[in-house]
Asks: 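First the structure, then my questions, so here it is.
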Amino acid sequence: MSNSHDTYFIPEPSRWPIVGTLSLFTTFIGGSMFLNGYSSGPYVLALGILAVCYMFFGWFADVIKESMGGNYNKQVDISFRWGMSWFIFSEVMFFAAFFGALFYIRVFSVPWLGGEGAGFVTHMFLWPDFDAVWPLLTTPDMSLANVESSYIAIKDVIPAFDVPLVNTILLLSSGVTITLAHHALKKDHRAPLCWWLAATVLLGFVFVYFQIGEYAHAYHELDLTMKSGVYGSTFFMLTGFHGFHVTMGATMILVILFRSMKGHFSSKDHFAFEGVAWYWHFVDVVWLGLYVFVYWI
Amino acid sequence: MNDAAVHDDHHDHDHKPTGIGRWLFSTNHKDIGTMYLVFSLFMFFVGGAMALVIRAELFQPGMQFVDPQFFNSMTTVHALVMIFGALMPAGVGLANWMIPIMIGAPDMAMPRMNNMSFWILPFAFTLLLSTFFMPGGAPAGGWTMYPPLVLQLGDGFPFLIFAVHFLGISSIMGAINIIATVFNMRAPGMTFMRLPLFVWTWIITAFLLIASMPVLAGAVTMLLTDKFFGTAFFDAAGGGDPLLFQHVFWFFGHPEVYILVLPSFGIISQIIPTFARKPLFGYASMVYATASIAFLSFFVWAHHMFAVGMPLTGELFFMYATMAIAVPTGVKIFNWTATMWKGSMTFETPMLFSIGVLFMFSIGGFSGLMMGITPVDFQYHDTYFIVAHFHYVIVPGIIYGVIAGVYYWLPKWTGVMYDEKLGKLHFWLSTISVNVLFFPMHFIGLAGMPRRIPDYSTQFADWNAIISIGGFVFGLSQLILVWVVIKCARGDGEKATDQVWESAHGLEFTLPSPPPFHSFTTPPVVTDATAHS
Ligand code: HEM
Ligand SMILES: [Cu+2]
């Protein structure tokens, strides 16, 4: 190995980025075809998603091989840390867009539709019977006599002190278990490391399971759906994207679990573990925001 | 280090991969930077061709060449192509090429991710441009994609949304890479306050990208679900509000204009000191001004919405916040001017283009200030005045900066000096035509000609004819740039020295022209004496 490698690591040319690009491209084409109602759409979409998974698998396999081969030095480690931190920040901003939409709708648009502010005349002429309350069970167009609403009235919303509370406890506990796993790893206690990780994965997936149950309940018994006006829109987009992130996070922890079982990571050197743990805490914090602003107040 | 190791290094690192694989699988910042720049130049002409369709149609009142739907597609896709396909890739391309060299690193921090950031672009634009061949045509509701109009797009709609997502992924990965590179790969002694200003402006740009692109992704995702999954974010009948989209969009959109312009500011901050033969005036204040601009840019978004009927408090807040941005911008303009004050100036092409930025960006800044005054913006909004404003800040403000950078570093990249005569011709033709093209837009805008309209009232006819002539001359003048670049790439010209410019400073001028495949395999040591500032 030449001298310079003590300072810098530069990966060889790699085919994974272009595989990633092509598979995302396929996914987007498939998604578009599907949404436009082409019967082959779902197949192209599925092919694209499979290819994306293949890309992640291959790319990370390379990274793990390099890491296990001792190619990574302190500098690479720090690059990964910056990379992961800023990636999480970008995710925060993605959720911020939806939280922003929620606040705007609750603070401005629904009250304005109900006649508050300078636009009260519009309200008087358009939908005088519309009652602006939150949670918004009926939409403005439902108060019109001879217009058929394009939305579905909600019977009831999910109470905060029910499954969502259980889910809060589950996620918060999973934040504790992953920290315990980290402590175990730092002391090189391999068995507790694996057990705590397994507990975290389990808590994560149980959360998702309950969330799915809650969705089924909302759709079947409460008429709370994506089509239920803006309450349903914000509810499902926020909790849905969050649930998707929990699934991703739990899957990532599962990978870390398998790697721990194979004896990867040392008590000093385990950025993959830490990066995933950061991600998990981020998902946790988003949930707290959701719990407070979507379910509770 | 002993000789053998040095030799080994060279052997290792100058061994370029060959064939198409060199480009497809590249992990090299220079190759990726080159691809970005070539792609950007190509898209510049694609978007430019659309602009010429617009100007041909508007040469006279009445309908001449295209139908209104297609005209609207032209304005919409012209903007999307120019912003996401020409300007942003140009900035990232320059960052790729120059940042590792300027901070004394061998490459970017995450070279594989860098590759993906680039290769997404051609595919994302394939998605976007393929909509021209679909039932319902290409997006025609404006690049701002306001609902409900944009929701009426045909089969192209999901392609538009996913193209934006795809481009966002590319930008975010690129930005993360740049931050990691600068934070982590600086050579010993290259402290933050010794960074060349181009690097500084790019750190701040990268931060803006990471903070704003995900918001755009969120906004277009809501459009997608409104169209296909029955959500009601932007539908008042369901409790939502179409204006919500404008808020979310412009929360991204205003930082985006600074994403575009800050790299250009960085470039001219490198060039002006070189040709004024004086260090940059007020280095630290430049850094702080740039950071303040970036920070403030998150609090001014609703100056794009003064006319939509916001509450008075909102109108006032966004008016004052917009005015506040003029302060740090003024600091920068002052510093560039002060750098030239009593300098021993020469006017090579990069310097000419940089001075062009200084003057003409200021014109755009002033019209921006005018529009930032809420009550008068009711007159300017959605007229050609705003078209004049943003074209002044974008074309001679940003594109000129990029072109200046290309002339400045082209000898470094290729090892060959560009043709100064052609460069000067390019500058003067562009500068005369760009003003013929955009200055009269102020007049017809103030007189009431609306933007995004294929036909107009006859009193605007004379100026529109003149504008179109300016447009065609400007567009054709850009071919000179292509010719200059091709000449250099083919090695047709004088050999460039490592120093390239008599009084150029910075690590990029310590490397040979062209630099080795991996820039610095052993880190140089930077001291106050060798630092660029
Ligand atoms: C830094 C470079 C700048 C760029 C790239 C830029 C770009 C733009 C663009 C693209 C628009 C049009 C948006 C649309 O489609 O409706 C616009 C509008 C506007 N810009 Fe700028 N701008 C810049 C600087 C400024 C500055 C310095 C100011 C004020 C101090 C300013 C104030 C405004 C205002 C108030 C509008 C809204 C006009 C209206 O819609 O009536 N801009 N700008
Ligand atoms: Cu703005």
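Below, chain A is the first sequence line, B the second, and so on; all start at residue 1.
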Asks: B:Phe520 versus chain A, heavy atoms under 4.5 Å apart: side chain, backbone, both or neither?
Replies: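 Backbone only.
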Asks: Whether the side chain of A:Ser79 engages the backbone of B:Thr181 through a donor-acceptor N/O pair (distance < 3.5 Å, no angle test) should be reported.
Replies: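 Absent.
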Asks: Which bit of B:Ile210 comes within less than 4.5 Å of chain A, counting heavy atoms only: side chain, backbone, both or neither?
Replies: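 Looking at B:Ile210, backbone and side chain both touch chain A.
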Asks: Would you mind checking which part of B:Phe228 comes under 4.5 Å of any heavy atom in chain A, side chain (CB onward), backbone (N, CA, C, O), both or neither?
Replies: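 Side chain only.
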Asks: Any idea which of B:Ala219, B:Ala105, B:Pro214 has the most non-hydrogen atom pairs under 4.5 angstrom with chain A?
Replies: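 Of the options given, most contacts go to B:Pro214.
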Asks: Once the angle between the rings of B:Phe183 and A:Trp82 is folded into 0 to 90°, is it parallel (under 30°), tilted (30 to 60°) or perpendicular (over 60°)?
Replies: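 Perpendicular: the ring planes of B:Phe183 and A:Trp82 meet at over 60°.
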Asks: If you take all heavy atoms of B:Pro106 and A:Ile10, which pair is closest and at what distance?
Replies: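 That would be CB-CD1, 3.6 Å.
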Asks: Which word best sums up how the rings of B:Phe166 and A:Phe25 line up, parallel for under 30°, tilted for 30 to 60°, or perpendicular for over 60°?
Replies: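 Rings of B:Phe166 and A:Phe25: parallel, as their planes differ by under 30°.
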Asks: Check the pair B:Met134 / A:Asn36 against side-chain contact (heavy atoms from CB on, under 4.5 Å), numbers first and verdict last.
Replies: CA-CA 11 Å; B:Met134 289 176 193; A:Asn36 285 334; 5.5 Å; no
Asks: So which part of B:Leu224 gets closer than 4.5 Å to some heavy atom of chain A, the side chain, the backbone, both or neither?
Replies: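 For B:Leu224, the side chain is the part near chain A, not the backbone.
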Asks: Tell me, side chain or backbone of B:Met185 under 4.5 Å from chain A's heavy atoms, or both, or neither?
Replies: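 Interface part for B:Met185: both.
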Asks: So, taking the atom named CH2 in B:Trp23 and the one named CD1 in A:Ile18, what distance separates them when rounded to the nearest 0.5 Å?
Replies: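 Going from CH2 on B:Trp23 over to CD1 on A:Ile18, the span is 13.5 Å.
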Asks: Just verifying a value: how many Å separate A:Glu91 CD and B:Ile172 CD1, rounded to the nearest 0.5 Å?
Replies: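 With rounding to 0.5 Å, CD (A:Glu91) is 8.5 Å from CD1 (B:Ile172).
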Asks: How long is the span from the CZ atom in A:Phe80 to the CE atom in B:Met110, to the nearest 0.5 Å?
Replies: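 So the gap between those two atoms works out to 7.5 Å.
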Asks: Select one option (side chain, backbone, both, neither) describing which atoms of B:Ile120 are under 4.5 Å from chain A's heavy atoms.
Replies: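 Contact with chain A involves both backbone and side-chain atoms of B:Ile120.
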Asks: With side-chain contact (heavy atoms from CB on, under 4.5 Å) as the test, would you mind laying out the steps for B:His247 and A:Tyr104 before giving the verdict?
Replies: CA-CA 9 Å; B:His247 282 291; A:Tyr104 183 88; 3.4 Å; yes
Asks: Rounded to the nearest 0.5 Å, how far does CH2 of A:Trp16 lie from CE of B:Met116?
Replies: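 Rounded to the nearest 0.5 Å, the CE-CH2 separation comes out at 12.0 Å.
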Asks: Measure across B:Gly238 and A:Thr139 and return the closest heavy-atom pair with its distance rounded to 0.1 Å.
Replies: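 Looking at all heavy atoms of both residues, the shortest contact is O-CG2, 3.5 Å.
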Asks: Most heavy-atom pairs under 4.5 angstrom with chain A, which of B:Asp107, B:Asn28, B:Val248, B:Thr225?
Replies: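 Heavy-atom pairs under 4.5 Å are most numerous for B:Thr225.
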